[in-house]
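Scope of the values below: all heavy atoms of this structure, side chains included, with no hydrogens, waters or symmetry mates. Numbering of residues begins at 1 and proceeds along the displayed sequence.
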Amino acid sequence: MPRAEQRTDPVAHHGEGPVWWEPWGGLRFVDMLAGDVLLLADDGGITRTHVGTVAAALRPRTRGGAVVATERAFVLAEKDDLSDLRVLPDVWDDPGIRFNDGACDPDGRFWCGTMAYDETPGAGTMYRLEASEPYAAQRVWGDVTISNGLGFSPDGTHAYYNDTPTRAVSRLDWVDGELRHRRDFASLRDEPSSAGSPDGLCVDAEGGVWVALFGGSAVRHYTADGTLAEVVELPVSQVTACTFGGQGLRELFITTSAENLDRAQEPLAGALFSFTPGVSGLPTLPFAG
């Protein structure tokens, strides 16, 4: 099986949420529980920007800057260097719940799901941040355990989504600005626990779905019809998310986590990896607000 290549030192405790956006200078990802956004330099170096107690997910804004999900609030950065932060009101009060992963839809709104710190089943919720004042956060659905990995198809007719403990990748229809008719697209339920569980995902220009497997030391590539086409191995177990970037969006960047691991046994956990799959990705959908 093909193997991903190491791109950085183990720079994150819990690396997540990679996003490629040229005006930023390329790739950003988060060290989630440190509350930091990391920018990858051409030489492999890392620049950190602290945005809160948690940095769960981020996307670029069409006007410049970024939208960031922190622990319980959305933050709007007015500039590409993530300075001049505008913190919106907390979306909820419960300190046991935090944001976890998110992405923008074709209409430019930011969707971000939550989870309980103790992973209580069903305690999470999917929220959607509207792209105009007053930037209201709408509850979309509940009964989520660990919300992860939202990505849209090239034609914008459907999306893929992971609630990690279900051990399945879901497919939903995109209809009139809403996600509906959730059903299984690919499942690992009949496979051993060592295969891992679906975490972050991204979609390529041919409609293929690339899924990071937390606990599975791999990224899986499924074709648009749900057929397993390829497995990319990594030398660490906790593979968290992936996105396409680089020249022509032909490089797959992969984040990993060292959370709850013995670094002596997995010394590369928390490093950024990459793989060149022979297919290009889709441009990042930005936040319209």
Side-chain angles (χ1 to χ4, degrees), residues 16-32 35-42 46-91 99-114 126-140 149-156 159 174 176-179 200 202-203 205 241 243-249 253 255 280-289:
E16 265 280 11
V19 186
W20 180 271
W21 190 248
E22 286 286 356
W24 286 347
L27 187 80
R28 276 193 166 123
F29 58 106
V30 300
D31 191 353
M32 184 180 289
D36 292 345
V37 176
L38 282 58
L39 175 66
L40 177 68
D42 290 339
I46 292 291
T47 300
R48 286 179 175 264
T49 303
H50 190 70
V51 296
T53 55
V54 169
L58 78 160
R59 285 297 184 273
R61 301 173 73 185
T62 55
R63 67 177 67 185
V67 57
V68 186
T70 56
E71 185 177 36
R72 297 191 296 277
F74 292 106
V75 174
L76 299 177
E78 300 296 333
K79 299 178 181 179
D80 287 334
D81 64 1
L82 302 188
S83 64
D84 194 11
L85 299 180
R86 174 186 175 186
V87 181
L88 301 179
D90 281 359
V91 181
F99 275 123
N100 193 57
D101 195 8
C104 288
D105 67 28
D107 292 339
R109 301 170 299 178
F110 186 44
W111 298 58
C112 198
T114 73
M126 175 63 78
Y127 292 96
R128 183 181 66 220
L129 182 67
E130 300 303 315
S132 59
E133 294 281 1
Y135 298 112
Q138 306 289 340
R139 182 185 185 277
V140 185
L150 180 66
F152 285 80
S153 63
D155 62 4
W174 177 246
D176 298 328
E178 302 291 342
L179 288 172
C202 64
V203 183
T243 197
F244 283 90
Q247 186 173 8
L249 301 177
F253 291 96
T255 52
S280 59
L282 296 170
T284 296
L285 294 174
F287 182 59

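- The NE2 atom of His50 lies 7.0 Å from the OG1 atom of Thr53; values are rounded to the nearest 0.5 Å.
- The salt bridge (charged side-chain N to carboxylate O under 4.0 Å, His left out) search around Asp105 returns Arg109, not counting sequence neighbours.
- Closest approach of Ala66 to Trp24, counting heavy atoms only: CB-CZ2, 3.7 Å.
- Side-chain N or O atoms of Asp80 include one that pairs as donor or acceptor with a backbone N or O of Gly65 at under 3.5 Å.
- With sequence neighbours excluded, the residues that form a side chain to side chain contact (heavy atoms under 4.5 Å, CB included) with Leu285 are Cys104, Pro106, Phe152.
- Residues Val203 and Gly151 approach most closely at CG2-C, 4.0 Å, considering heavy atoms.
- Annotation: the span from Leu39 atom CG to Arg48 atom CZ amounts to 12.0 Å, rounded to 0.5 Å.
- When every heavy atom of Met126 is checked against every heavy atom of Gly113, the shortest pair comes out as SD-N, 3.7 Å.
- Under the salt bridge (charged side-chain N to carboxylate O under 4.0 Å, His left out) criterion, Arg28 pairs with no residue, sequence neighbours left out.
- In terms of heavy atoms, Val91 sits closest to Phe99 at CG2-CZ, 4.1 Å.
- The salt bridge (charged side-chain N to carboxylate O under 4.0 Å, His left out) search around Arg139 returns none, not counting sequence neighbours.
- Between Val19 and Phe29 there is no side-chain heavy-atom pair separated by less than 4.5 Å.
- Shown here are the salt bridge (charged side-chain N to carboxylate O under 4.0 Å, His left out) partners of Asp90, two or more places apart in sequence or in another chain: Arg72.
- In this structure, CZ in Arg128 is found 13.5 Å from SG in Cys112, a value given to the nearest 0.5 Å.
- Put simply, the side chain of Trp21 reaches to within 4.5 Å of the side chain of Pro286, judged on heavy atoms.
- By the 6.0 Å contact criterion, CG on Asp84 is enclosed, its count of non-hydrogen atoms from other residues, nucleotides or ligands being greater than 12.
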Problem - side-chain contact (heavy atoms from CB on, under 4.5 Å) assessment of Val37 paired with Leu82 - result: CA-CA 9 Å; Val37 176; Leu82 302 188; 3.7 Å; yes
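- Under the 3.5 Å distance criterion, the side-chain polar atoms of Arg61 are left unmatched by any main-chain donor or acceptor of Val67.
- Rounded to the nearest 0.5 Å, atoms CG (Leu76) and CG (Leu129) are 7.0 Å apart.
- Residues Leu38 and Val30 fail the side-chain proximity criterion, which asks for heavy atoms closer than 4.5 Å.
- Closest approach of Asp107 to Gly177, counting heavy atoms only: OD2-CA, 3.8 Å.
- Considering CE of Met32 and OG1 of Thr255, their distance stands at 9.0 Å, rounded to 0.5 Å.
- By the ring pair (Phe, Tyr, Trp, His ring centres under 6.0 Å) test, Phe110 is found to be paired with Phe74, residues two or more places apart in sequence or in another chain being considered.
- Put simply, CG on Leu88 and OH on Tyr135 are 8.0 Å apart, with the number rounded to the nearest 0.5 Å.
- The main-chain N or O of Gly149 is found under 3.5 Å from a side-chain atom of Asp101 such that the two form a donor-acceptor pair.
- Nearest heavy-atom pair, Gly248 versus Ser280, reported as atom, atom and distance to 0.1 Å: O-CB, 3.4 Å.
- Counting heavy atoms from C-beta on, the side chains of Val51 and Val75 never come closer than 4.5 Å.
- The 12-atom threshold is exceeded at CD of Glu133, counting heavy atoms of other residues, nucleotides or ligands nearer than 6.0 Å.
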